[in-house]
Visitor: 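Sharing a structure with you now.
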Amino acid sequence: MASTSTTAPTTTSGPQGAAAGGVTPTTIPSPVWYQAQPNVAMTSSALTGKVVGIDPGHNGNNWAHPEVINALVPDGVGQKACDTTGTATDSGYPEAAFTWAVSQYLAAALAAEGAQVVMTRGSNDGVGPCVDARAAMVNQAGAAAAVSIHADGGPSGGRGFAVLEPSGAGQSGPIVGSSAQLGQNIAAAIQAAGMPPSTYDGVNGIAQRSDLAGLNLAAQPKVFIEVGNMRNGTDAAMLADPGFQQAVARAIAQAITNFLAG
């Protein structure tokens with residue numbers, strides 16, 4: 001969820017805080033380059049030479065380190081918290097685990113198209129990085145396009161995905177038009193994968209946002225994707241299903257491929 005939810009996810013991992021993981025509000029970690037699994041062949045060269053950024057929202061141990069995630073960092077128009085814990089389904093499936101799973105499937109699908117994939121975190125048992133650092137990591141990697149993967153914690157009666165696009169706030173003015181095109185591609189792909197547009201956020205599943213550091217500080221076409229509403233029973237069942245996770249990741253990858261391949 002791209003908002004400031006503080007719902008603590010269920011986890012069995014031990015804490016990896018600022019001391020253990022070297023995470024502070026001012027740290028910009030090295031980008032995490034996705035490594036394809038051995039013996040998995042590239043199926044297409046459509047994205048050869050293209051760098052694609054994936055930002056799996058939140059992190060599995062954010063809940064254990066409020067001293068890190070509550071610290072203020074630049075968001076392009078002011079300041080906001082370094083990060084949040086994300087939300088969870090009523091049964092306790094955490095957003096951070098969902099975003100990590102989908103991002104792994106998405107990275108594999110993009111690598112199969114020939115892309116070099118850079119990610120903002122390399123596991124789901126750490127803390128952060130902060131939202132400004134996430135944008136900086138993708139920018140420094142020279143990404144041609146980027147997505148931030150989330151799931152919302154909206155009203156229990158509301159359903160559906162929302163693709164959040166930059167509004168021109170911060171430094172995002174030059175990427176508004178290209179991000180809108182990327183967002184339209186992705187919205188159509190997610191709907192085709194079986195998740196309807198949000199009934200409570202945006203219009204036809206698309207909304208502009210000026211309060212997200214990841215959009216305000218981006219140097220490439222970029223969108224945030226709230227794949228569904230974790231607080232809605234129907235959406236939650238889909239979001240927790242590995243089959244849907246893989247299907248929506250493939251759909252997003254194809255949308256990105258179509259956008260970058262022209």
Visitor: Give the other cluster members for Val51, using side-chain heavy-atom distances under 4.5 Å between Ile, Leu, Val, Met, Phe, Trp and Tyr residues; answer none if it is isolated.
Guide: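 Besides Val51, the hydrophobic cluster comprises Trp33, Val118, listed by chain and residue number.
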Visitor: For His58 and Trp63, run side chain to side chain contact (heavy atoms under 4.5 Å, CB included): C-alpha distance rounded to whole Å, both residues' side-chain angles, the deciding distance at 0.1 Å, then the answer.
Guide: CA-CA 10 Å; His58 313 290; Trp63 67 274; over 6 Å; no
Visitor: Would you compute the distance between atom CG of Asp75 and atom CG of Leu212 and round it to the nearest 0.5 angstrom?
Guide: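 Rounded to the nearest 0.5 Å, the CG-CG separation comes to 8.5 Å.
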Visitor: Who are the side chain to side chain donor-acceptor pair (under 3.5 Å) partners of Gln220, not counting sequence neighbours?
Guide: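 Result, side chain to side chain donor-acceptor pair (under 3.5 Å) vs Gln220: Asn139.
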Visitor: Might you point out which heavy atoms bring Ser210 and Ser167 nearest each other, and give the distance in Å?
Guide: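 For Ser210 and Ser167, the tightest heavy-atom pair comes out as CB-OG, 3.3 Å.
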Visitor: Please tabulate, for side-chain N and O atoms in residues 154-163, each donor-acceptor pair with protein atoms closer than 3.5 Å (sequence neighbours left out).
Guide:
from, atom 1, to, atom 2, distance (Å)
Arg159, NE, Asp235, OD1, 2.6
Arg159, NH2, Asp235, OD1, 2.9

Visitor: Could you report the tightest heavy-atom contact between Met119 and Pro56, atom names first, then the distance?
Guide: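 Answer, listing the atom of Met119 first, then Pro56: CE-CG, 3.9 Å.
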Visitor: For residues Tyr34 and Ile54, determine if any side-chain heavy atom of one lies less than 4.5 Å from a side-chain heavy atom of the other.
Guide: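 No, their side chains stay 4.5 Å or more apart.
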Visitor: Name all residues meeting the side chain to side chain donor-acceptor pair (under 3.5 Å) criterion together with Asn216; count only those two or more places apart in sequence or in a different chain, and write none if there are none.
Guide: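 Once residues adjacent in sequence are excluded, Asn216 has no partner under the side chain to side chain donor-acceptor pair (under 3.5 Å) criterion.
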Visitor: Nearest 0.5 angstrom please: Ile225 CD1 to Glu165 CD, how far?
Guide: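 Spacing of CD1 (Ile225) from CD (Glu165) equals 10.5 Å.
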Visitor: Among residues at least two apart in sequence or on other chains, which ones pass side chain to side chain donor-acceptor pair (under 3.5 Å) with Asp90?
Guide: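 Expected list: Arg231.
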Visitor: Val32 and Val52: same hydrophobic cluster, using ILVMFWY side-chain contacts below 4.5 Å?
Guide: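 Yes; Val52 is reachable from Val32 via cluster members.
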Visitor: Who passes side chain to side chain donor-acceptor pair (under 3.5 Å) against Thr99, sequence neighbours left out?
Guide: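 Per chain and number, Thr99 pairs via side chain to side chain donor-acceptor pair (under 3.5 Å) with Arg121.
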Visitor: Report the distance from atom OG1 of Thr234 to atom CE of Met195, rounding to the nearest 0.5 Å.
Guide: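 Result: 9.0 Å between the selected atoms.
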Visitor: Compare every heavy atom of Glu67 with every heavy atom of Ala71, then report the nearest pair and how far apart it is.
Guide: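 What the structure gives for the nearest pair is CB-O, 4.1 Å.
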Visitor: Quick one: pull up OG in Ser198 and CD in Glu226 and give me the separation to the nearest 0.5 Å.
Guide: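 Rounded to the nearest 0.5 Å, the OG-CD separation comes out at 9.0 Å.
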Visitor: Got a sec, which hydrophobics cluster with Val77, joining ILVMFWY side chains under 4.5 Å apart, including via others?
Guide: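 Its cluster partners, ordered by chain and number, are none at all.
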Visitor: Angle class for the Phe224/His150 ring planes (parallel below 30°, perpendicular above 60°, tilted otherwise)?
Guide: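 Rings of Phe224 and His150: parallel, as their planes differ by under 30°.
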Visitor: Assigning hydrophobic clusters by single linkage (Ile, Leu, Val, Met, Phe, Trp, Tyr; side-chain heavy-atom cutoff under 4.5 Å), is Val223 placed with Leu217?
Guide: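 Shared cluster, no.
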Visitor: Got a sec, which residues hit side-chain contact (heavy atoms from CB on, under 4.5 Å) with Ile69, two or more places apart in sequence or on another chain?
Guide: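 Residues passing side-chain contact (heavy atoms from CB on, under 4.5 Å) with Ile69: Asn62, Asp83, Thr85, Val127.
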Visitor: Run the side chain to side chain contact (heavy atoms under 4.5 Å, CB included) check on Met238 and Val227 step by step: do they pass?
Guide: CA-CA 10 Å; Met238 294 177 67; Val227 180; over 6 Å; no
Visitor: On a heavy-atom basis, which atom in Ala213 and which in Ala135 lie closest, and how many Å separate them?
Guide: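 Of all heavy-atom pairs spanning Ala213 and Ala135, the closest is O-CB, 4.3 Å.
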Visitor: Tell me whether Leu47 is reachable from Val138 by hopping between hydrophobic residues (I, L, V, M, F, W, Y) whose side-chain heavy atoms are closer than 4.5 Å.
Guide: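 In one cluster with Val138: Leu47, no.
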Visitor: How long is the gap from CZ on Phe98 to OG1 on Thr89, to the nearest 0.5 Å?
Guide: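 OG1 of Thr89 is found 11.5 Å from CZ of Phe98.
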Visitor: Applying side-chain hydrogen bond (donor to acceptor under 3.5 Å, both in side chains), which residue pairs with at least one partner in residues 253-262 are found, sequence neighbours left out?
Guide: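 Qualifying pairs: Gln254-Asn258.
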Visitor: Working to the nearest 0.5 angstrom, can you tell me the gap between Asp211 CG and Lys80 NZ?
Guide: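 Asp211 CG to Lys80 NZ: 5.0 Å, rounded to 0.5 Å.
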Visitor: Taking only residues at least two apart or on different chains, which pairs with a member in residues 236-246 satisfy side-chain hydrogen bond (donor to acceptor under 3.5 Å, both in side chains)?
Guide: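 Qualifying pairs, neighbours excluded: Tyr93-Gln245.
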Visitor: Return all side-chain donor-acceptor pairs below 3.5 angstrom for residues 177-190, not counting sequence neighbours, or 'none' if the list is empty.
Guide:
from, atom 1, to, atom 2, distance (Å)
Ser178, OG, Ile175, O, 3.3
Ser179, OG, Ile175, O, 2.7
Ser179, OG, Lys222, N, 3.0
Ser179, OG, Lys222, O, 3.4
Gln181, NE2, Asn185, OD1, 3.0

Visitor: When the side chains of residues 104-114 are checked against the rest of the protein, which donor-acceptor pairs come out under 3.5 Å, sequence neighbours left out?
Guide:
from, atom 1, to, atom 2, distance (Å)
Glu113, OE1, Ser44, OG, 2.9

Visitor: Considering non-hydrogen atoms only, spot the tightest contact between Ala151 and Thr87 and give its length.
Guide: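 That closest heavy-atom pairing would be O-CG2, 3.7 Å.
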Visitor: On a heavy-atom basis, which atom in Leu72 and which in Ala81 lie closest, and how many Å separate them?
Guide: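 The pair with the smallest heavy-atom distance is CD2-N, 3.9 Å.
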